[in-house]
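Heavy atoms only: backbone and side chains are in, while hydrogens, waters and symmetry mates are out. Order of appearance sets the numbers: ligands from 1, and atoms from 1 within every ligand.
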Amino acid sequence: MKRTEIKTLLQDVEVGTKVNVKAWVRTKRGSKNVAFVALNDGSTIHNVQVVVDRDKFDDSILSKITTGASVSIDGEVVASQGSGQKIEVIANDIIVLGESDPEKYPLQPKKHSLEFLREIAHLRFRSNTFGAITRIRHSMIFAVHKFFTEEGFYNIHTPIITGSDAEGAGEMFRVSTFEPGNPPRTEDGKIDWKQDFFARETNLSVSGQLEVETACMAMGKVYTFGPTFRAENSNTTRHLSEFWMIEPEVAFADLEEDMDLAERFIKYLLQYALDHNQDDLEFLSKRLQEAEKGKKESERSMELIEKLKFVLDDSFERITYTEAFNILRNSKPNKKKKFQYLIENWGADLQSEHERYLVEKHFKKPVILTDYPADIKAFYMKQNEDGKTVRAMDVLFPQIGEIIGGSQREEDLEKLTQRMKAMDIPENEMWWYLDTRRFGTAVHSGFGLGFERLMLFVTGMGNIRDVIPFPRTPQNAEF
Ligand code: ATP
Ligand code: MN
């Protein structure tokens, strides 16, 4: 018999139909006469309940139906007696495809901590929570490509191995085929990178932006969506060493248009999740509420679905760094020295505590900060007339802080190279990037959205390690 997936079974199959289900056992419970087996095959958060008449089957089969085992069950769809679901399946034939020793199987049919699930990343797909996250993650990946396709963008695969380190200053993972202990050396004893695989120093990319800008200067609207690597030792709940970033770049667009695009994009993704992932969101919402039961009312986060809708309903607040600086300097936590980093001098980089204060306490909605001090931003950002600030924009979100970083780019060759000199960025290595300004330069803008930061917001999860299948963080690359 042809297999029916559980999602289809629960939605579309009529009572009386004979079906085959192949899936993994989540739980088995029951009485002397019948066993109730909950099956899940990943197609939905919901399990299907299979009713097994103990008289019809050998004990040798029944005893092998344990949590984690894979089974193939033929049966008939009937109206459910219980309250949970509309239908269930009465088993006629059971084959245990793969046994699972209940003594050794790490996932018991009970609540496990997220920390424990991280230690069994290869099995956590089988938990309700990670199943829901996985389905939402797929949905968001699809929605990213759908959004840009609808808006007339082209997807550009930018390289993962890169020869330019202009952006990464010391935070990159080296790519080399040299023997670690015995690299070839030049006469003066330095490592001779000319003899390495690419005949130069190469690293894993920290951003596809420089390459995607070159595509933008011909294709008009482009984006890259790829893995990104940062060798910074940030052990936070918002940083990964390997994450996925979406970087659109638009020709003839200024910072205003860039911000409009960013806002439209995030809202599109959130709306897509609400429209397509309702069951999983409801599950995660309940999970979150349970996890926060012990907390005071004032410390609890907004209900997940309500929170997503809340962001959709309102436009993001747009203010300059300088305005934000003044708000923060005069804020209560700053005056009472509650911030870990006090806001004193104009020009300081904002920490996530400051970003969250602006979003969660002051404006109570997402905020886009613009016109940052040039000294804390990258060399390619458009310089303002004031000689101090650049046309940068960061989108700040509740719970997360920075979710997007972007800017209008400096299109003037002279100003750009001046800036590079000041920041000690070698011009000769960047010749191809500078060609975009030499030949038909134009105003253009773009940004980077950290995909896992978005996932944190959509799922309400608190730790970025729980929204990517196999997290890479300092000291951790087990699976
Ligand atoms: P942060 O200040 O939060 O460390 P950043 O300013 O270094 O971030 P950008 O270089 O602007 O980040 O990267 C663009 C986007 O990529 C950020 O807005 C964020 O969403 C995401 N991002 C940056 N670093 C990480 C990381 N280590 N792990 C996951 N996402 C990240
Ligand atoms: Mn940034």
Side-chain angles (χ1 to χ4, degrees), residues 137 140 144 158 162 165-173 204-210 212 223-249 255 258-259 261-263 265-266 269 316 321 324 341 348-356 358-359 366-381 390-409 445-459 461-474 476-477:
R137 191 175 161 107
M140 291 295 91
V144 166
T158 49
T162 158
D165 69 348
E167 272 223 89
E171 298 183 345
M172 300 177 98
F173 291 100
L204 295 179
S205 176
V206 296
S207 158
Q209 184 199 315
L210 301 187
V212 99
Y223 70 107
T224 168
F225 183 177
T228 309
F229 306 87
R230 304 226 173 145
E232 44 187 356
N233 199 3
S234 338
N235 246 313
T236 78
T237 54
R238 297 168 298 105
H239 289 90
L240 291 163
S241 312
E242 176 182 300
F243 64 100
W244 290 70
M245 184 147 69
I246 300 136
E247 295 173 276
E249 194 71 33
L255 193 71
D258 201 31
M259 289 191 281
L261 177 70
E263 188 165 339
F265 179 42
I266 296 191
L269 297 177
F316 299 178
Y321 167 92
Y341 296 89
D349 207 353
L350 302 183
Q351 305 295 324
S352 122
E353 56 179 343
H354 309 127
E355 297 172 343
R356 293 185 60 172
L358 290 169
V359 172
V367 176
I368 311 185
L369 288 192
T370 63
D371 302 286
Y372 279 79
D375 289 342
I376 56 171
K377 288 292 180 188
F379 74 92
Y380 49 72
M381 296 189 180
V390 288
R391 297 245 75 193
M393 65 108 173
D394 277 10
V395 181
L396 312 180
F397 255 52
Q399 159 205 355
I400 291 157
E402 180 186 334
I403 191 165
I404 282 182
S407 69
Q408 185 173 326
R409 319 306 189 187
S445 303
F447 61 78
L449 168 75
F451 185 62
E452 284 75 20
R453 298 251 174 114
L454 172 89
M455 281 296 297
L456 279 178
F457 188 73
V458 176
T459 60
M461 299 300 288
N463 193 317
I464 202 161
R465 292 164 181 77
D466 296 327
V467 296
I468 186 167
F470 298 103
R472 296 287 175 261
T473 49
N476 169 36

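- Scanning Thr236, Val395, Ile404, Leu240 for the heavy atom closest to atom 28 (N) of ligand 1 points to Leu240.
- Remark: Glu171 CD to Arg230 CZ distance equals 7.0 Å, nearest 0.5 Å.
- Here the straight-line distance linking atom CG of Leu358 with atom CD of Glu353 works out to 11.0 Å at 0.5 Å rounding.
- Which of Glu171, Met245, Arg230 comes nearest to atom 9 (P) of ligand 1 through a heavy atom is settled by distance: it is Arg230.
- Each of the following atoms of ligand 1 lies closer than 4.0 Å to a heavy atom of Glu232: 27 (N).
- By heavy-atom distance, the residue among Ser234, Ser241, Gly448, Pro471 lying nearest atom 15 (C) of ligand 1 is Gly448.
- To the nearest 0.5 Å, atom CD of residue Gln209 and atom OG1 of residue Thr224 are 11.0 Å apart.
- Around the CZ atom of Phe470, the shell of radius 6.0 Å holds more than 12 heavy atoms that belong to other residues, nucleotides or ligands.
- Between the side chain of Arg453 and the backbone N or O of Ile400, no donor-acceptor pair lies under 3.5 Å.
- If you count the protein N, O or S atoms nearer to the Mn ion (ligand 2) than 2.8 Å, you get 1.
- With rounding to the nearest 0.5 Å, the separation of CZ in Phe265 from CD1 in Ile246 is 4.5 Å.
- Distance check, rounded to the nearest 0.5 Å: CE of Met381 to CD of Gln408 gives 11.5 Å.
- Among the atoms of Ile464, none of the N or O lies under 3.5 angstrom from an N or O of ligand 1.
- For Arg453, every heavy-atom contact with ligand 1 shorter than 4.0 Å involves the side chain, none the backbone.
- Formation of a donor-acceptor pair under 3.5 Å by the His354 side chain with backbone atoms of Tyr341 is found in this model.
- In Asp394, neither the side chain nor the backbone holds a heavy atom less than 4.0 Å from any atom of ligand 1.
- In this pair, Phe397 and Phe316 present their aromatic rings perpendicular. The plane angle is above 60°, beyond the 30 to 60° band.
- Atoms of ligand 1 found under 4.0 Å from any heavy atom of Gly405, numbered from 1 in the order shown, are 18 (O).
- Counting the atoms of ligand 1 from 1 in the order shown, those under 4.0 Å from a heavy atom of Gly450 are 15 (C), 16 (O), 20 (O), 21 (C).
- Put simply, part of Glu402 is less than 4.0 Å from ligand 1, judged by heavy atoms.
- One N or O on the side chain of Glu355 and one on the backbone of Glu402 form a donor-acceptor pair closer than 3.5 Å.
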What verdict does the side chain to side chain contact (heavy atoms under 4.5 Å, CB included) test give for Leu369 and Leu350, after you've listed the backbone C-alpha separation in whole Å, the side-chain angles of each residue and the deciding distance to 0.1 Å? CA-CA 11 Å; Leu369 288 192; Leu350 302 183; 3.5 Å; yes
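- For the atom pair CZ (Phe451) and CZ (Arg137), the distance works out to 5.0 Å, reported to the nearest 0.5 Å.
- Atoms of ligand 1 lying under 4.0 Å from at least one heavy atom of Arg238, given by number and element, are 28 (N), 29 (C).
- When only interatomic distances are considered, the shortest N/O to N/O separation between Phe243 and ligand 1 does not fall below 3.5 Å.
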